[in-house]
Chemist: 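Right, I'll just put the structure down here and ask away after.
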Amino acid sequence: MTAALSALAGCKCSEASKEKEQMSITPAYVQLAHDRFGDNAKLVENPTGEFVLIVSESERDQMNPHPKVTFFVYSKDQSEVTYESEVAGSVTWLDEYHLEVVVIPGIVRADSEPGGVTYRVDARSGSRVEIKAPSRRQ
């Protein structure tokens, strides 16, 4: 009977260690985010959970009011980066499969349109389409 109890206890310990091992396995995109951006990485899944937006933003200060944002999109299904870029601006999920990237202009000239450029990125294909904002000039 003692042998049976110790064998049973051994099974439970073995199962517990297997669970602990499975929990300690880091997904590839988490490791990639850490390798590229260190502790400054911010991970945001799309609504379906198929893609992850990984972002790193430089420090904002008086000399740099529009920080550089470096980002990439990782496909969990394909286990690869589908799009990456660096902008002075912002990036967010627009819907299930599209990102909205807003680029804030640096020096604005008198003869240029006000505001920056906004474009939409398809996380599945990596295609980029500029979103035309209505002109504010009169």
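Basis for what follows: all heavy atoms, side chains included, without hydrogens, waters or symmetry-related copies. We number each residue from 1, following the sequence as shown.
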Chemist: Minimum heavy-atom separation for A33 and L43, please, with both atom names.
Modeler: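 Here A33 and L43 meet closest at CB-CD1, 4.1 Å.
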
Chemist: Would you kindly confirm whether F72 and V101 end up in one hydrophobic cluster when ILVMFWY residues are joined by side chain heavy atoms under 4.5 Å apart?
Modeler: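 As far as the 4.5 Å side-chain criterion goes, V101 and F72 are not connected within one cluster.
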
Chemist: For a 4.5 angstrom cut-off between non-hydrogen side-chain atoms, does V117 reach E130?
Modeler: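 SC-SC contact between V117 and E130 confirmed.
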
Chemist: According to a hydrophobic-cluster definition based on side-chain heavy atoms being under 4.5 Å apart (Ile, Leu, Val, Met, Phe, Trp, Tyr only), do V44 and V30 belong together?
Modeler: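 Not linked; separate clusters.
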
Chemist: Taking all non-hydrogen atoms of both residues into account, name the closest pair between Y74 and L32 and its distance.
Modeler: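 Heavy atoms only, the tightest pair is CD1-CD2, 4.1 Å.
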
Chemist: To the closest 0.5 Å, what do you measure between CD1 (I54) and CZ (F37)?
Modeler: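 Result: 7.5 Å between the selected atoms.
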
Chemist: Could you measure the distance from the CZ atom of R120 to the CG atom of L99? Nearest 0.5 Å is fine.
Modeler: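 Spacing of CZ (R120) from CG (L99) equals 11.0 Å.
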
Chemist: Do T26 and Q31 pair up side chain to side chain, a donor and an acceptor below 3.5 Å, judged on atom types alone?
Modeler: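 Result is no, nothing qualifies.
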
Chemist: Could you tell me the separation between the NE2 atom of H98 and the CZ atom of F51, rounded to the nearest 0.5 Å?
Modeler: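 H98 atom NE2 to F51 atom CZ measures 10.0 Å (nearest 0.5 Å).
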
Chemist: Less than 4.0 angstrom from a charged side-chain N to a carboxylate O is my criterion; do K68 and E59 meet it?
Modeler: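 No, this pair does not count.
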
Chemist: Between E57 and N40, what is the shortest heavy-atom contact and its length?
Modeler: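 Between these two residues, the closest heavy atoms are O-ND2, 3.1 Å.
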
Chemist: Between K76 (side chain only) and V52 (backbone N and O only), is there a donor and an acceptor less than 3.5 Å apart?
Modeler: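 Not confirmed, K76 side chain does not pair with V52 backbone.
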
Chemist: Grab the two heavy atoms, one from R128 and one from Y119, that are nearest each other, plus how far apart they are.
Modeler: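 Taking every non-hydrogen atom into account, CG-CD1, 3.2 Å.
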
Chemist: Is D35 atom CG crowded by more than 12 heavy atoms from other residues, nucleotides or ligands, each under 6.0 Å away?
Modeler: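 Yes, the 6.0 Å shell around CG holds more than 12 heavy atoms from other groups.
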
Chemist: Within a strict 4.5 Å, meaning less than it, do heavy atoms of the V81 and R36 side chains meet?
Modeler: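 They are in contact (side-chain heavy atoms under 4.5 Å apart), so the answer is yes.
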
Chemist: How close do F71 and L53 get, heavy atom to heavy atom, and via which atoms?
Modeler: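 Where F71 meets L53 most closely, the heavy atoms are CD1-CD1, 3.9 Å.
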
Chemist: Do you reckon Y83 sits in the same ILVMFWY cluster as Y29, going by side-chain contacts under 4.5 Å, direct or chained?
Modeler: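 Different hydrophobic clusters.
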
Chemist: How many angstroms lie between CD in E96 and CG in N46, if you round to the nearest 0.5 Å?
Modeler: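 Between E96 CD and N46 CG, I get 7.5 Å after rounding to 0.5 Å.
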
Chemist: If every non-hydrogen atom of S90 is compared with every non-hydrogen atom of V87, which pair is closest and at what distance?
Modeler: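 Looks like N-CG2, 4.3 Å.
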
Chemist: Could you go through the side-chain contact (heavy atoms from CB on, under 4.5 Å) check for E45 and W93 one step at a time?
Modeler: CA-CA 9 Å; E45 286 188 338; W93 283 109; 5.8 Å; no

Chemist: Under a 4.5 Å cut-off applied to non-hydrogen side-chain atoms, are T70 and V55 in contact?
Modeler: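 They are not in contact (no side-chain heavy atoms under 4.5 Å apart), so the answer is no.
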
Chemist: For S75 and D77, test the side chains for any donor-to-acceptor distance below 3.5 angstrom and give the result as yes or no.
Modeler: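 No pair is found: no donor N or O on one side chain lies under 3.5 Å from an acceptor on the other.
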
